[in-house]
Undergrad: 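My questions all concern the structure below.
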Amino acid sequence: FDYDPASSSLQEKQVVNTLPEDFTEWNSTADIHVHPNGKYVYSSNRGHNSLAAFSVDASTGMLTFLNHTSTEGEIPRNFAINPNGEIVYVANQNSDNITVFDLDTETGKLTFTKKELEIPTPVCIVFYEEWLASLFVLNALEFLECEFQARLYDPDSESISCNSSV
């Protein structure tokens, strides 16, 4: 969209498809993130179980499709790019896992690291400000019961610790 401050209105600029042309099954787009360097946009597909990657033209803001990457799980509810833009974590709600991808900041390409965290129905991933390398993960059961207990993931030790004081 382009924004017109005089009329406080948005004008449609471009519509992009996040799915392969031959995909005909059910799908719902869930989450959209811009890479910290502003060069790439990623969108998750529930159903196709993928992340669609687009490059951003710096002068026009137009998107160009790059590729699809499997989320290595079912129904990617949420995903997060770490603050330095080099790792992507995907919360796959129906397969009870969070999958980890390396992100090439020069090409925008995602590569599955074969690292996976088993977490029941993960629905949200947020980087906690004080520990930029830690993830704040909320799963659906905790959300429904209003128990906002954080699960902090330490990528160095590949361990998850529970912390209710966050």
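One-based numbering along the sequence shown. Everything quoted here is computed from the prediction, not taken from an experiment.
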Undergrad: If you measure from OG1 on Thr113 to CD on Glu72, what distance do you get to the nearest 0.5 Å?
TA: 9.5 Å

Undergrad: Using the side chain to side chain contact (heavy atoms under 4.5 Å, CB included) criterion, which residues pair with Ser9? Sequence neighbours excluded.
TA: Asp4, Ser7, Gln11

Undergrad: Between side-chain atoms of residues 60-67 and protein atoms elsewhere (two or more places apart, or another chain), which donor-acceptor pairs fall under 3.5 Å?
TA:
| unit_1 | atom_1 | unit_2 | atom_2 | d |
| --- | --- | --- | --- | --- |
| Thr60 | OG1 | Asp57 | OD1 | 3.4 |
| Thr60 | OG1 | Met62 | N | 3.2 |

Undergrad: Tell me whether Tyr40 shares a hydrophobic cluster with Ile32, the cluster being built from Ile, Leu, Val, Met, Phe, Trp, Tyr side chains joined at under 4.5 Å.
TA: no

Undergrad: I need the minimum non-hydrogen distance between Thr18 and His68, along with the two atoms involved.
TA: O-NE2, 2.8 Å

Undergrad: I need the Glu74 CD to Asn92 CG distance, nearest 0.5 Å.
TA: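 Reported value, rounded in 0.5 Å steps: 8.5 Å.
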
Undergrad: To the nearest 0.5 Å, what is the distance between CD (Gln14) and CZ (Phe54)?
TA: 8.5 Å

Undergrad: Test: ring pair (Phe, Tyr, Trp, His ring centres under 6.0 Å). Region: residues 91-126. Which pairs qualify, not counting sequence neighbours?
TA: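 Every pair satisfying ring pair (Phe, Tyr, Trp, His ring centres under 6.0 Å) with a residue in residues 91-126: Phe101-Phe112.
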
Undergrad: Clusters formed by hydrophobic residues whose side-chain heavy atoms approach within less than 4.5 Å: which one holds Leu19, and what are its other members?
TA: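 Other cluster members: Phe23.
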
Undergrad: What residue pairs, at least two apart or across chains, pass salt bridge (Lys or Arg N to Asp or Glu O under 4.0 Å) with a residue in residues 30-47?
TA: none

Undergrad: Which heavy atom of Pro76 sits nearest a heavy atom of Ser44, and at what distance?
TA: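 Closest pair (atom of Pro76, atom of Ser44, distance): O-OG, 3.7 Å.
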
Undergrad: Same cluster or not: are Leu117 and Ile125 linked, directly or through other Ile, Leu, Val, Met, Phe, Trp or Tyr residues, by side-chain heavy atoms under 4.5 angstrom apart?
TA: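 Yes.
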
Undergrad: Enter the distance from Leu110:CG to Thr99:OG1 here, rounded to the nearest 0.5 Å.
TA: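 OG1 of Thr99 is found 10.0 Å from CG of Leu110.
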
Undergrad: For Ile75, what are the other residues in its hydrophobic cluster, where any two members join if their side-chain heavy atoms are less than 4.5 angstrom apart?
TA: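 Ile75 clusters with Trp26.
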
Undergrad: Checking Glu116 now: which residues fulfil side-chain hydrogen bond (donor to acceptor under 3.5 Å, both in side chains) with it, not counting sequence neighbours?
TA: Asn97

Undergrad: Out of curiosity, Thr69 OG1 to Leu51 CG, how far, rounded to the nearest 0.5 Å?
TA: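 Going from OG1 on Thr69 over to CG on Leu51, the span is 6.5 Å.
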
Undergrad: Applying side-chain hydrogen bond (donor to acceptor under 3.5 Å, both in side chains), can you list everything that pairs with His48, at least two apart in sequence or on another chain?
TA: Ser50

Undergrad: Residues two or more places apart in sequence or in another chain: which of them pass side-chain hydrogen bond (donor to acceptor under 3.5 Å, both in side chains) with Glu86?
TA: Asn84

Undergrad: Scan residues 90-107 for pairs that pass salt bridge (Lys or Arg N to Asp or Glu O under 4.0 Å), counting only residues two or more places apart or in two chains.
TA: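 Matches after skipping sequence neighbours: none remain.
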
Undergrad: Quick check: closest heavy atoms across Ala52 and Asn45, and the distance to 0.1 Å?
TA: CB-ND2, 4.1 Å

Undergrad: Can you hop from Leu103 to Val90 via hydrophobic side chains spaced under 4.5 Å?
TA: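 Linked within one cluster.
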
Undergrad: Is a donor on one side and an acceptor on the other found under 3.5 Å between the side chain of Asn49 and the backbone of Thr71?
TA: no

Undergrad: So which heavy atom on Val123 is nearest to which on Ala91, and how close?
TA: N-CB, 4.5 Å

Undergrad: Can you name the side-chain hydrogen bond (donor to acceptor under 3.5 Å, both in side chains) partners of Asn94, sequence neighbours left out?
TA: none

Undergrad: Tell me, please, which residues at least two apart from Lys13 pass salt bridge (charged side-chain N to carboxylate O under 4.0 Å, His left out).
TA: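 Checked Lys13 against salt bridge (charged side-chain N to carboxylate O under 4.0 Å, His left out); matches are Asp2.
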
Undergrad: Among Phe79, Tyr89, Tyr42, which one satisfies ring-ring contact (aromatic ring centres under 6.0 Å, His included) with His33?
TA: Phe79

